[in-house]
Each structure stands twice: as structure tokens, then as C-alpha cells.
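First the structure, in the form of C-alpha cells, and then the observations on it.
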Amino acid sequence: MKIGYMGVTSTFVVPDDLDALTRHPKASQPGEPINLHHTQCHGCGDDAPEGLHIKIFAGDGFTVRARMLVEPRMEGGPGQIHGGILATAFDEVMSHLPLLVGGHCVTAHLQVDFAAGIPVGSTLYFEGRLLGRQRRKLYTEVVAYLADPLVDAGAEAVASGRALFVKIDSARHYAETLANSKAAEQISRRRG
Ligand SMILES: CCCCCCCCCC(=O)SCCNC(=O)CCNC(=O)[C@H](O)C(C)(C)COP(=O)(O)OP(=O)(O)OC[C@H]1O[C@@H](n2cnc3c(N)ncnc32)[C@H](O)[C@@H]1OP(=O)(O)O
């Protein structure tokens with residue numbers, strides 16, 4: 001089995017020679033919700049019954065803000081969020097950053113640092129940031145807090161994540177699996 005990518009152990013290093021970033025003209029404005037991937041998306045979909053139902057908003061510049069209620073069904077260790085759920089939430093929040101510059105991406109690499117246990121019943125607040133772009137690669141990071149850092153300057157960071165996204169041709173990438181999606185019609189309609 002291949003470990004890492006192309007035989008190289010994956011390490012998240014943002015290159016120095018980045019391309020310039022430009023906000024897409026149709027990107028959500030700061031404070032506005034960012035369009036759902038689709039309504040059945042496990043992370044952000046309103047109609048995914050077992051989904052995380054994360055609410056994601058555009059921030060200033062190349063940032064996003066998000067929040068998620070840590071429900072009892074998300075428990076791992078007693079009374080605390082499961083680490084895999086937090087990793088999923090991080091993936092979801094960071095996957096909305098490429099939408100600020102346009103185009104669909106998939107996660108190629110994801111890493112998480114867990115700094116403190118996160119109690120069931122809390123609301124998690126996320127701040128995500130696009131660190132840079134090089135060709136099809138977009139480098140992102142996210143930090144999770146137990147209070148809204150916008151209103152509470154003392155909000156403590158409880159976890160952080162980094163991910164590399166790679167831009168795809170969405171129609172080609174999902175050509176063989178779209179028919180399995182509960183949202184197939186909606187996605188096809190959106191493509192026109
Ligand atoms: C319509 C609604 C859409 C909703 C989207 C929701 C998304 C939510 C976020 C997710 O969870 S996505 C699901 C998890 N991810 C995947 O299923 C992706 C599976 N992997 C792939 O499909 C391919 O490996 C991938 C598209 C990422 C790359 O394959 P390609 O053949 O298109 O590109 P290539 O291998 O040439 O890589 C492009 C660049 O990325 C680099 N790269 C790719 N994977 C890497 C990796 N793992 N680590 C480091 N670098 C990587 C690669 O070295 C290269 O760099 P350079 O530009 O410098 O040449």
C-alpha cells in the first residue's frame with residue numbers, strides 16, 4: 001500500500017512561490033452564507049438526516065466562519081466529540097474556502113491537531129483561512145473555538161486543522177458516481 005502521496009510522507013508545507021489570489025465575482029460577500037455543496041452533503045446539507053448541519057459564512061478576504069452544535073450522536077470519548085467527527089467538520093469548513101476563488105475542489109490531504117476535549121452540548125465556532133494557491137492546489141487552515149472569537153477576544157482555540165485541496169473538473173470527477181447521489185437531479189440542474 002502506498003503511504004503518503006507518490007511515496008512521499010505527506011507533510012503540509014505551503015510553498016513560497018504562490019499564485020496571486022482573486023476573489024471570484026460571484027463569491028458570497030462577507031457575512032453571507034456560502035452556497036451549500038448540495039442539500040444531501042454530509043457536512044453542510046440541510047436535508048442530510050445524519051449530517052453535521054454546519055452553517056458556513058464568507059468572512060473578510062479569503063476567510064470563512066462557521067458553527068456547529070456538538071450533538072449527543074457525535075460522542076466519542078465519554079461526553080466529548082469523536083475525533084473523526086471533528087476531522088469531518090474541519091474538512092467541510094475548509095472545503096468552502098476554494099469557493100471564494102471559484103471552482104470545485106476535493107481534499108487531497110487533511111491533518112488535525114486536537115488541543116482540548118470538546119464537550120457534547122457545546123457550539124463549536126470555526127475560522128477558516130485560505131493560505132495560498134499554486135496551480136490547482138489550494139492550501140487552507142482552520143481553528144475551532146468553544147466561543148465565538150468575533151465577540152469574545154478570549155475565546156480559547158481547542159483544535160486546528162490544515163488541508164490541501166486540488167481543483168477538479170466536477171462533471172468529469174463525479175461522472176461515474178453522480179447517479180448514486182440522492183442529490184443527482186439538483187446537481188445536474190445546477191450545472192445547466
Ligand atoms: C458538486 C458538489 C461538490 C461537493 C464537494 C464536496 C467536497 C468535500 C471535501 C471532500 O471531502 S472531497 C472527498 C475526499 N477526497 C477525494 O476523494 C479525492 C481523491 N483523490 C483524487 O481524486 C485525486 O488524487 C486528486 C484529484 C486529488 C489529484 O489527482 P489528479 O490526477 O487530478 O492531479 P495530480 O495527481 O496531478 O495532482 C495535482 C497536484 O496536486 C498535488 N497533490 C495531489 N495529491 C496530493 C497529496 N495528497 N499531497 C500533496 N500533494 C498532492 C500533485 O503533486 C500535483 O501538484 P503539482 O501541481 O505541483 O504537480
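Keep in mind that this is a model prediction, so the values were computed, not measured. Whatever order the structure lists ligands and atoms in, that order sets their numbers, starting from 1.
- Closest approach of Phe57 to Gly31, counting heavy atoms only: CD2-O, 3.6 Å.
- Close approach of ligand 1 to Val166 is summarised as follows: ligand atoms under 4.0 Å from at least one heavy atom of the residue are 27 (C), 40 (O).
- Distances below 4.0 Å separate heavy atoms of Tyr174 from the following atoms of ligand 1: 5 (C).
- Residue Phe165 has no N or O atom closer than 3.5 Å to an N or O atom of ligand 1.
- Between His38 and ligand 1, not a single N/O pair is under 3.5 Å apart.
- Counting only N and O atoms by type, the side chains of Ser160 and Arg162 include a donor and acceptor under 3.5 Å apart.
- The side chain of Arg136, and not its backbone, has at least one atom closer than 4.0 Å to an atom of ligand 1 (non-hydrogen atoms only; side chain from C-beta on).
- By the criterion of side-chain heavy atoms lying less than 4.5 angstrom apart, applied directly or through intervening Ile, Leu, Val, Met, Phe, Trp or Tyr residues, Leu131 is not grouped with Leu110; the two fall into different hydrophobic clusters.
- Set against the non-hydrogen atoms of Ala108, the atoms of ligand 1 under 4.0 Å away are 27 (C), 44 (N), 45 (C), 47 (N).
- Remark: the Glu92 side chain and the His42 side chain contain no N/O donor-acceptor pair separated by less than 3.5 Å.
- Side-chain polar atoms of Gln186 and Thr39 form a donor-acceptor pair below 3.5 angstrom.
- Counting all heavy atoms, side chain and backbone alike, Ser28 lies closest to Ile34 at OG-CA, 3.5 Å.
- Residue-ligand proximity: His173 is placed with a non-hydrogen atom under 4.0 Å from ligand 1.
- In terms of polar-atom proximity, defined here as any N/O pair under 3.5 Å, His109 makes no such contact with ligand 1.
- Comparing Leu164, Val106, Asp91, Leu138 against atom 50 (N) of ligand 1, the shortest heavy-atom distance belongs to Leu164.
- In this comparison of Ile168, Thr107, Thr88, the heavy atom closest to atom 9 (C) of ligand 1 sits on Thr107.
- Taking the six-membered ring where tryptophan is involved, the planes of Phe126 and Phe90 are perpendicular, since the angle between them exceeds 60° and thus also 30°.
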